[in-house]
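Taking it in order: structure first as structure tokens, then the write-up.
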There are 2 protein chains.
Amino acid sequence: MYTIGQVSELFRLPISTLRYYDKEGLFPNIERVSGIRKFGEKEIETLRVIECLKKSGLEIKQIKQFMQWCVEGSSTYPKRKELFETQKKQVEAEIERMNKVLDMLKFKCWYYGEAMKNGNEDKLSSLSVSDMPSEIREAYLNSHD
Amino acid sequence: MYTIGQVSELFRLPISTLRYYDKEGLFPNIERVSGIRKFGEKEIETLRVIECLKKSGLEIKQIKQFMQWCVEGSSTYPKRKELFETQKKQVEAEIERMNKVLDMLKFKCWYYGEAMKNGNEDKLSSLSVSDMPSEIREAYLNSHD
DNA sequence: TCTTGACATAAAGTTAGGTTTAGGATTTAT
DNA sequence: ATAAATCCTAAACCTAACTTTATGTCAAGA
């Protein structure tokens with residue numbers, strides 16, 4: 001069992017954030033001893049799920065909905081599974097988008113490296129795709145549709 | 001040359017967002033004909049860079065700073081290159097985190113698939129890591145530190 | 001020429017996800 | 001037993017990134 005301060009250190013989250021999550025219903029039925037929250041293994045796993053669902057793009061309200069399904073029991077297994085399947089697809093798509101962003105960044109790093117060598121962008125601005133090093137060309141084409 | 005409405009369709013961004021970006025200084029020296037904005041190739045590439053830098057985690061203010069560097073000329077090539085190098089590292093780290101999130105989601109999909117087969121979580125809650133299918137075990141271990 | 005649709009601005013409003021503040025209660029170390 | 005650290009709540013506050021509203025200008029087709 002952990003106090004809110006210990007959990008705060010464990011997850012590197014401000015105490016105020018943990019209290020905010022609780023107020024929003026993300027720890028349904030969390031145990032309290034004379035008013036003080038006691039975080040058990042269940043709440044620790046809940047926090048891991050919160051971080052995961054948040055990063056997958058869900059809002060706090062929707063995460064609360066998920067926690068309510070957990071309280072409702074086995075009848076909501078299909079809903080819960082579907083939620084994770086949906087978020088899995090979202091994250092896969094997001095990783096693809098991030099790889100495109102990464103390719104744009106790679107291209108720009110190369111671009112400014114060249115600009116620094118030349119002292120200007122004259123040569124670069126009249127550059128056609130076929131004149132780029134193959135790795136850079138790949139990145140450029142992937143990031144410019 | 002594009003009007004704001006055409007750019008809005010091209011990038012699927014609300015017109016109000018484009019005007020907001022302009023107000024924030026993200027299109028320095030954009031051409032105007034009797035008050036009406038004319039978006040050229042330069043502004044189109046600027047928008048690609050804006051989307052890229054935003055997704056890499058930069059705020060509008062910092063993107064404005066970058067656009068100012070572009071106006072200042074060749075003396076800011078090193079700053080610009082460094083910015084892209086930094087954001088490249090950020091995005092690489094972010095993709096790693098997203099892959100961890102993905103592994104958590106994979107595990108949870110499997111978990112609720114099993115729960116649905118069994119009708120309850122009894123078997124799952126007493127499950128040790130070594131009893132999981134290897135692919136799921138990998139995902140579980142990667143997402144639980 | 002007149003109407004319609006797209007453009008413009010300034011300023012106020014919105015939203016999510018917290019954070020801070022004010023005022024107490026409780027626990028822990030000395 | 002007392003002081004310091006940690007806990008509590010309710011409510012006000014904050015910020016970024018837009019969006020909406022009110023009001024007005026411009027351009028192209030009938």
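Convention: sequence-line order gives letters A, B, ...; per-chain numbering from 1.
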Of the listed nucleotides ([options]), which one gets closest to any side-chain atom of [X]?
X	options	result
A/Arg32	D/dC8, C/dT19, D/dC7	D/dC8
A/Ile60	C/dG18, C/dA8, D/dC18	C/dG18
A/Ser16	D/dC7, C/dT19, C/dT9	C/dT19
B/Ile36	C/dC7, C/dA16, D/dA17	C/dC7

Examine [N]: is either OP1 or OP2 under 4.0 Å from a nitrogen or oxygen in the side chain of [X]? Give yes or no.
X	N	answer
A/Lys23	C/dT19	no
A/Lys54	C/dG18	yes
B/Arg37	C/dT9	yes
B/Tyr21	D/dA17	no
A/Ser34	D/dC7	no
B/Arg19	D/dT20	no
A/Thr17	C/dG17	no

Minimum heavy-atom separation for B/Leu26 and B/Thr46, please, with both atom names.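 Distance-wise, the nearest heavy atoms are O-CG2, 3.4 Å.
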Rounded to whole Å, please give me the gap between [atom1] in [X] and [atom2] in [N].
X	N	atom1	atom2	result
B/Tyr20	C/dT14	OH	P	18 Å
A/Leu18	D/dC8	CG	P	10 Å
A/Glu31	D/dC8	CD	P	13 Å
B/Lys64	D/dA17	NZ	P	13 Å
B/Asp22	D/dC18	CG	P	14 Å
A/Gln62	C/dT15	CD	P	16 Å
A/Ile15	D/dT9	CD1	P	12 Å
B/Ile4	D/dA27	CD1	P	16 Å

Residue mapping more 5' on DNA chain C - nearest nucleotide basis, A/Glu59 or A/Val33: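 Per heavy-atom nearest nucleotide, the more 5' residue is A/Glu59.
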Using the ring centroid of each side chain, check whether A/Tyr140 and A/Tyr111 are separated by less than 6.0 Å.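 Not close enough - the centres of the two rings lie 6.0 Å or further apart.
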B/Ser8 side-chain N/O to B/Ile4 backbone N/O, donor-acceptor pair under 3.5 Å: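 No; judged by distance alone, with no hydrogens or angles, the pair does not exist.
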Does B/Glu96 come within less than 4.0 Å of B/Lys100, counting only side-chain N to carboxylate O?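 No, no charged N to carboxylate O under 4.0 Å.
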Judged by modelled atom types alone, do B/Glu85 and A/Tyr112 share a side-chain donor-acceptor pair under 3.5 Å?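 B/Glu85 vs A/Tyr112: no donor-acceptor pair found between side chains.
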